[in-house]
**Student:** 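Below are the structure tokens for one structure; questions will follow.
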Amino acid sequence: MPPPLCNPVAAEALFPKLINMEAEACRDMAEELFINKNIDAALYAIKTARLKNPNLPGLDNYLSSYMVHKVAVQTKSWYLVLGIKDHKAGEDEIRQSYEGLAQLFHPDECSSVAAETANLLINEAWEVLSNTKRRQAYDILMGYDNYNNSNNRSLYKELALIGRNLC
């Protein structure tokens, strides 16, 4: 389960401390903040590290792994977790997005402490959105589409399973 968000204003209070730190120290602080369940502050610290040294390897992967967690917490949308803005996206777009993120969060590519759980989140999103029946049930749950399957018991069983996974 992704960590909760903190107050973005509190994250900005880190600025005086981060301003005097090197990019590597900002990255390390971002990791500590994430471990302490402070996503917004971790995002602020990793963005500061990127500003200080945009060539420091892996910072974009760290940022992406934190963002997956933030999106999952804020929206609970499997589409947005995969970076898909339109719930009517085709199977190919969903697959491409999933595969790109899976590669981005692979342990050889991203050493962030957030990468492993980000990978779990994108895998959960893939499990729902790559299965036609589960995706249809999920879309109903999220209010994306109005299906006329009110008598379809198996669909509602699937919906109940997805609902439990979202909470």
**Student:** Within this structure, what is the OH-CG distance for the pair Tyr44 and Asn38, rounded to the nearest 0.5 Å?
**Tutor:** 13.0 Å

**Student:** So if you build clusters from Ile, Leu, Val, Met, Phe, Trp, Tyr with side-chain heavy-atom gaps below 4.5 Å, do Leu121 and Met142 land together?
**Tutor:** yes

**Student:** Mind checking whether Arg95 and Glu99 have side chains closer than 4.5 Å, heavy atoms only?
**Tutor:** yes

**Student:** Ala89 and Ile94: which non-hydrogen atoms are nearest, and at how many Å?
**Tutor:** O-CD1, 4.0 Å

**Student:** With side chain to side chain contact (heavy atoms under 4.5 Å, CB included) as the test, would you mind laying out the steps for Glu109 and Leu104 before giving the verdict?
**Tutor:** CA-CA 6 Å; Glu109 297 295 322; Leu104 188 70; 6.0 Å; no

**Student:** Would you please indicate if the ring centroids of Tyr79 and Tyr144 are separated by under 6.0 Å?
**Tutor:** yes

**Student:** Between Asn36 and Glu32 (side chain of the first, backbone of the second, donor and acceptor by atom type, cut-off under 3.5 Å), is there such a pair?
**Tutor:** yes

**Student:** Just how far is it from atom CG of Leu33 to atom OH of Tyr66, taken to the nearest 0.5 Å?
**Tutor:** 8.0 Å

**Student:** What distance separates Asn123 CG from Phe105 CZ, expressed to the nearest 0.5 Å?
**Tutor:** 11.0 Å

**Student:** What distance separates Ser64 OG from Leu59 CG, expressed to the nearest 0.5 Å?
**Tutor:** 10.5 Å

**Student:** Assess, by modelled atom type and distance only, whether the side chains of Ser112 and Glu31 contain a donor and an acceptor separated by less than 3.5 Å.
**Tutor:** yes

**Student:** Do Arg135 and Trp78 have side chains that approach each other closer than 4.5 Å (heavy atoms only, starting at C-beta)?
**Tutor:** no

**Student:** About how many Å separate CG of Leu82 and CH2 of Trp126, when rounded to the nearest 0.5 Å?
**Tutor:** 8.5 Å

**Student:** How far apart are the closest heavy atoms of Gly83 and Ser97, and which atoms are they?
**Tutor:** N-OG, 4.3 Å

**Student:** Hey, could you give me the SG/NZ distance between Cys26 and Lys47, rounded to the nearest 0.5 Å?
**Tutor:** 14.0 Å

**Student:** Should Glu22 and Lys52 be marked as a side chain to side chain contact (heavy atoms under 4.5 Å, CB included) after you check the CA-CA gap, both sets of side-chain angles, and the distance that decides it?
**Tutor:** CA-CA 7 Å; Glu22 295 295 324; Lys52 289 175 175 274; over 6 Å; no

**Student:** Among Ile39, Leu80, Ile46, Leu43, which residue meets the side chain to side chain contact (heavy atoms under 4.5 Å, CB included) test with Met67?
**Tutor:** Leu43

**Student:** Look at the side chain of His106 and the backbone N and O of Ala102, then say whether any donor-acceptor pair between them is shorter than 3.5 Å.
**Tutor:** no

**Student:** Might you confirm whether atom CD of Glu24 has over 12 heavy atoms from other residues, nucleotides or ligands at distances under 6.0 Å?
**Tutor:** yes

**Student:** Is it true that a side-chain atom of Asn131 and a backbone atom of Arg134 form a donor plus acceptor pair closer than 3.5 Å?
**Tutor:** yes

**Student:** Quick one: does any side-chain atom of Thr117 pair with a main-chain N or O of Ala114 as donor and acceptor, under 3.5 Å?
**Tutor:** yes

**Student:** Are Tyr62 and Ile35 co-members of a hydrophobic cluster defined by side-chain heavy atoms under 4.5 Å apart?
**Tutor:** yes

**Student:** Compare all side-chain heavy atoms of Val81 with those of Tyr98 and state whether any distance is below 4.5 angstrom.
**Tutor:** no

